[in-house]
Amino acid sequence: MKEAVIVTSLRTAVGKAPRGTLKDTRPDDMAATVIKAAIERTPGLEPAMIEDSSSVARCRSRAGMNVARQASWLAGIPKEASAVTINRFCSSGLQAIAFAAERIMAGWADCIVAGGAETMSLIPMGGHKVVPNPTLVENSPDFYLNMGLTAENSPGNTRSLAQTQMSSHFAAIRRPSLRSMKASSKMKSCR
């Protein structure tokens with residue numbers, strides 16, 4: 001199996017949505033600028049050597065369509081190179097990099113540009129028109145939680161589940177020693 005390596009990494013500056021200096025910059029233009037700079041700073045790399053671009057993620061912005069293809073062409077990558085846009089919301093860029101590494105390791109490509117791009121200033125939170133599925137809303141109301149609320153809820157749910165599963169298993173073995181450690185102040189509470 002071939003080894004996949006990252007030869008360079010770049011990003012744009014972080015802006016302040018919706019009022020920063022990048023607020024009106026399209027994600028395909030931002031991604032193209034980063035791709036061009038990455039090619040320029042990588043010795044010996046020519047745009048024609050890039051076989052694929054899974055470079056841009058999230059199809060929610062006004063760039064639309066295949067944003068990876070748009071950014072690739074704007075960056076000067078030849079039209080013969082393939083491109084794919086991935087939508088995994090906040091983890092789209094990471095997924096694009098993982099897919100690129102997998103393709104290289106499997107022998108399907110030698111050189112791929114991969115990463116993520118989005119501009120939160122150009123779209124309202126949740127997209128332009130959200131139409132939730134009524135069955136999911138009724139039966140699984142948390143299905144449409146945003147990533148922030150999901151992240152806030154996950155640790156509590158995981159901790160509760162782990163505590164529930166492990167408490168009965170370790171109760172008979174660990175409880176006497178934990179009580180004695182707490183009593184002697186050698187162990188602080190985890191909460």
Side-chain angles (χ1 to χ4, degrees), residues 1-128 130 145-152 154-155 158:
M1 184 175 291
K2 291 169 67 174
E3 183 179 16
V5 297
I6 296 173
V7 296
T8 192
S9 62
L10 290 172
R11 64 161 296 132
T12 62
V14 176
K16 290 192 175 212
R19 59 188 185 282
T21 58
L22 298 174
K23 68 179 174 51
D24 296 319
T25 307
R26 295 171 51 101
D28 48 354
D29 288 329
M30 278 195 279
T33 301
V34 171
I35 293 169
K36 280 183 199 174
I39 292 169
E40 290 169 6
R41 79 184 299 194
T42 305
L45 180 61
E46 297 296 326
M49 297 168 73
I50 298 170
E51 301 167 74
D52 189 17
S53 174
S54 42
S55 65
V56 185
R58 296 175 68 176
C59 198
R60 299 180 349 156
S61 67
R62 77 166 83 157
M65 307 304 286
N66 190 347
V67 184
R69 185 80 162 161
Q70 293 165 224
S72 296
W73 279 32
L74 290 167
I77 295 174
K79 64 181 180 182
E80 291 78 18
S82 60
V84 62
T85 295
I86 298 163
N87 184 1
R88 211 169 245 201
F89 292 95
C90 296
S91 66
S92 299
L94 182 61
Q95 187 65 64
I97 294 166
F99 282 165
E102 290 167 359
R103 288 201 62 213
I104 290 171
M105 292 167 66
W108 289 97
D110 291 315
C111 184
I112 299 175
V113 173
E118 183 59 274
T119 174
M120 299 308 292
S121 299
L122 297 178
I123 56 164
M125 189 54 103
H128 291 287
V130 178
L145 285 178
N146 65 43
M147 293 303 290
L149 290 175
T150 302
E152 287 178 14
S154 292
T158 303

Considering non-hydrogen atoms only, spot the tightest contact between [X] and [Y] and give its length.
X	Y	result
A96	G115	CB-O, 3.5 Å
N66	A83	ND2-O, 3.3 Å
A31	A71	CB-CB, 3.7 Å
P47	G76	CB-O, 3.3 Å
L22	A13	CD1-O, 3.5 Å
D52	I50	O-CG2, 3.4 Å

Taking side chain as C-beta onward, heavy atoms only, is [X] less than 4.5 Å from [Y]?
X	Y	value
T12	T33	no
T85	R69	no
R88	L94	no
E51	R103	no

Query raised in the report: If you round to the nearest 0.5 Å, how far is CG of L74 from NZ of K36?
Result: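 That separation rounds to 7.0 Å.
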
Requested in this report: Working to the nearest 0.5 Å, report the span between CH2 of W73 and CG of D28.
Outcome: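 So the gap between those two atoms works out to 13.5 Å.
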
Query raised in the report: When L45 is tested against each of T8, V113, I39 for side chain to side chain contact (heavy atoms under 4.5 Å, CB included), which residue passes?
Result: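 So, applying the side chain to side chain contact (heavy atoms under 4.5 Å, CB included) to L45 and each of T8, V113, I39, only I39 qualifies.
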
